[in-house]
Amino acid sequence: MGSISSVIIINQSDVDKVFRILSRCSCGLFNYVCYYLCRLDACCFVDIGNKVEGVKKTKMSLSHGQLLVHCIRVLDSYNSDTQSVEEHVNKYLKNNQIYDDSDQTFIVEVFSECVRYSNLMQVVLDGFYAKDGKKTLRSEQNLYTVVCYLALFRLDELGMAHFRKFVSSQDINRMYRFLNFFLDEKNLLTWIQDGWEKYYEHVFVETNMISSIQRWMPELQEMIGQMKDKIANRLKPKRKNLPTTEMKPFNITQPRPRSIPIPEPIPKLKKHKPVPKTLYSEPKEFSQIKKSKESNRRIAEERLMEASGIKFACANPAKSEKTIEILNNIVSEEEAKLEFERHRANPPPSFLSSASSRGSSVRRLTAEERSRLYSREVPIKMNTATILREGNLYRKKEAEEIKKWENLEAGAKDASDFLKWQTEMRQQDLEDELAEIERRRLQGKLSHEEAILARQDLIQENKQKVKSMKEETEKMMQDYLQKKFSEEKEMRQLVEDTMQGHKNAKEATKKLREYKRKIVQEVNEESKELMKQALEEAEEEMRRRMELIHQIRAMEAVPIIRQKFVDLTATSGHGLLSEMSIAELRERLSLFRIAEKETEEQRRDDILASKQAKDQMLLETLETISKHRLEQTKSAAVRFECKKKGLIPKKPEIKDSKLLELEKKLEERKAQRKREQEKLKVVPSKQSVNQTRSLINQKKALEESRWRELEMTQERAARLMGDGVMKSQSASRLASASAILAS
């Protein structure tokens, strides 16, 4: 519908009644409900396009700035000598026509609390006017009193968002000056706190005032910083959000609500006839068809046997064993050629291949020959890096030994006792570490068992919670259905009342259409004039551009000489220090190439000399490596002998009382977990047991019927073989097929 504005006279009680109903309506039903106002008696301006433009009603919520102004005015007009607090507030609210409950309670609470804690506020205001507020007016002290009270006692209740709106509704310079002084911790925690403690106890000041404001101190300091930036023009101005186009419904005549039809009685169903017993029994036709199939199959097999016995010998397709073997060999050879992606093993070493070639006549080597063959040393090829690395290692070892012997000659102490003590301590540390690892492992298993038990307890608790939640949801659903049923009744009554005021709305829509038509005609005339001006300006711009294009084309039509003569002996003439001609450049390049060849030959000679020196050094290092390896083989033989005699220390055993306690505890937890699992096991019901038994019986019956069929086929084959018909090829195929089925 279009937005219809009309003046309607209604009573105050009816206005309250309508707005109480409107608060529960959806936006779509709001247009219909507004027609109800046509029947009432007071002054009201209603916009049917989903907006109430102005209703003269008493209930109206004030903004943050208006509330703050009312609080200041109450304090300004209060005289404690002639008036009481309650009398003054009631008189002020009545004179200013403030009837909203929330606004009244806020103004009364702020005024009464400011009067009650006037001594505390006076301490802050005296300090402010003495230090930072020397240039501020004394008439503004009630403003600072209200802001100080809100920051001290009502900040937890209001929250930072509402407090910020109260502050932003006043002059930013005054608010910044006062809050910067009051929320400075140097002032708040020193002389202001001392001044408050003259009137109240230290515990009250600390808990109810200082602690509450310190909780909000970071947000308050951030707000003060933003105010400072705004005063210094550091903040970027916010972009104004343009109002969006509001959608309005079409003026469509709404249909009248249909009457609820009387429910028809539900017909009672007649008792059904019982299912016939023949439905669950197999019909006779199936058994007859089965018998005819078996007889036809038997006749066909006999005819096949007879036909296979009468055929010519030359038509026998069977092959001899020799031909089958030859064919298999040919197929295997062809398939061996097609193994492209087969894994190809590396050839064996030369000494193994020689040994295998010598003993090729023997199929398998003895144990002694095999041990002698694999114990032979195989030469390892060493590159330059391995030779240098190993030589450097042995050189370091030699230097360490020489230094050790020199120290012993100089009178140094033998470190054998220390090394023995060190090995013992390391052995002890290893035992402790192994015991700690075992303890951690057992603790991990124990915690795993405890976690399983805790999970089982949690599952039980969750089941109880789910039961209680289901009961609560059932109750809530019943309450919701009752409430919805009552609301639907009210809405039906409301829609019936609003449909009676439909005639007045039609007249208002006609007037609005005429007014909009006039506005559209005026806008169309203005737009035509603007279009003419725009076309004239575009034509002038096109003429100017065409003239510029003609001038550019005339300049391009002038011929240009593009040929240039080159002198190789002349310079470019730019006046640079290194400037030269092309001929001089070529000569210098040839000289540079000759010099490069000479340096290349010199480098080759140096590389050959360095290679010879390197080869000599590698030979020397190989000699030292061979000596050290000989010594190492000797020491390895000695160690092998010690190992045979059993002189190598065994692995340490772990013995600890704490580990035994942990193992016992772990066994107890496992037993407890098993008991819990046995309790939680699901006991099968009688119905499920019967169902499983019936399935097992069905499976057994199917297997028995299958075996019976196989036995019958075997019997038929044996009977035919006894008659002498199985000599033919087709009879043998039949026998093989029956054998496959039996397997």
Side-chain angles (χ1 to χ4, degrees), residues 23-24 26 154-163 203 206-208 210-220 222 428-488 651-700:
S23 63
R24 290 180 288 175
S26 62
R154 300 295 292 274
L155 194 55
D156 292 333
E157 183 185 345
L158 291 171
M160 199 63 209
H162 288 290
F163 183 73
V203 178
E206 191 68 33
T207 56
N208 294 349
I210 299 295
S211 63
S212 65
I213 203 166
Q214 279 183 340
R215 282 198 303 272
W216 293 94
M217 190 58 75
E219 288 86 350
L220 291 167
E222 185 182 355
Q428 189 177 353
D429 292 341
L430 181 63
E431 290 175 1
D432 296 340
E433 191 175 351
L434 290 170
E436 182 67 22
I437 289 163
E438 186 67 19
R439 186 179 64 78
R440 285 179 185 171
R441 188 180 68 80
L442 292 171
Q443 282 180 353
K445 285 188 175 180
L446 187 64
S447 63
H448 178 66
E449 296 292 333
E450 288 175 353
I452 291 167
L453 291 170
R455 184 174 177 77
Q456 289 174 355
D457 296 338
L458 184 66
I459 288 164
Q460 294 293 332
E461 289 177 6
N462 287 339
K463 285 180 180 177
Q464 294 294 331
K465 286 179 182 176
V466 166
K467 284 182 182 177
S468 61
M469 285 174 73
K470 282 181 179 177
E471 291 173 359
E472 288 177 3
T473 49
E474 285 177 0
K475 289 179 183 177
M476 289 171 69
M477 198 69 191
Q478 289 175 0
D479 297 340
Y480 173 73
L481 289 170
Q482 290 175 0
K483 189 178 177 182
K484 196 170 183 182
F485 185 69
S486 61
E487 285 180 357
E488 284 178 356
K651 231 179 184 180
E653 294 182 359
I654 302 162
K655 292 181 180 179
D656 196 356
S657 60
K658 292 181 180 179
L659 293 176
L660 295 171
E661 289 176 4
L662 282 169
E663 286 177 355
K664 287 179 183 178
K665 205 171 182 181
L666 181 63
E667 289 174 359
E668 290 174 2
R669 288 284 186 273
K670 281 182 179 178
Q672 186 180 355
R673 177 172 60 82
K674 286 176 182 177
R675 286 196 296 273
E676 292 290 334
Q677 284 177 353
E678 286 175 359
K679 288 178 184 177
L680 294 170
K681 273 183 182 177
V682 179
V683 180
S685 61
K686 290 182 180 180
Q687 188 178 359
S688 63
V689 170
N690 293 329
Q691 192 174 2
T692 50
R693 281 178 183 171
S694 65
L695 288 169
I696 290 162
N697 293 330
Q698 286 176 8
K699 192 175 180 183
K700 284 181 180 178

If you define the side chain from C-beta out and look only at heavy atoms, does anything of [X] sit under 4.5 Å from [Y]?
X    : Y    : result
K484 : Y480 : yes
N208 : V203 : no
K700 : I696 : yes

Are there over 12 heavy-atom neighbours, none belonging to R441, within less than 6.0 Å of that residue's CZ?
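Enclosed.
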Can you list everything that forms a side chain to side chain donor-acceptor pair (under 3.5 Å) with E668? Sequence neighbours excluded, please.
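Partners of E668 by the side chain to side chain donor-acceptor pair (under 3.5 Å) criterion come out as none, since no residue qualifies.
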Identify, with sequence neighbours excluded, every residue that meets side chain to side chain donor-acceptor pair (under 3.5 Å) alongside E157.
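By the side chain to side chain donor-acceptor pair (under 3.5 Å) rule, E157 matches R154.
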Please collect all salt bridge (charged side-chain N to carboxylate O under 4.0 Å, His left out) contacts where either partner lies in residues 445-460, sequence neighbours excluded, each pair once.
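Pairs touching residues 445-460 that pass the test: E449-R673, E450-R669.
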Qualifying residues under ring-ring contact (aromatic ring centres under 6.0 Å, His included), relative to H448, sequence neighbours excluded:
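Partners of H448 by the ring-ring contact (aromatic ring centres under 6.0 Å, His included) criterion come out as none, since no residue qualifies.
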To the nearest 0.5 Å, tell me how far [X] [atom1] sits from [Y] [atom2].
X    : Y    : atom1 : atom2 : result
E219 : L155 : CD    : CG    : 8.5 Å
E436 : D432 : CD    : CG    : 9.0 Å
I210 : Q214 : CD1   : CD    : 6.5 Å
E487 : Q482 : CD    : CD    : 12.5 Å
Q456 : Q672 : CD    : CD    : 9.0 Å
K470 : K467 : NZ    : NZ    : 9.0 Å

Applying side chain to side chain contact (heavy atoms under 4.5 Å, CB included), can you list everything that pairs with [X], at least two apart in sequence or on another chain?
X    : result
E433 : I437
L695 : Q698
L442 : E438, L659, L662, E663, L666
R215 : D156, S211, S212

Among residues at least two apart in sequence or on other chains, which ones pass salt bridge (Lys or Arg N to Asp or Glu O under 4.0 Å) with E471?
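So E471 forms no salt bridge (Lys or Arg N to Asp or Glu O under 4.0 Å) with any residue.
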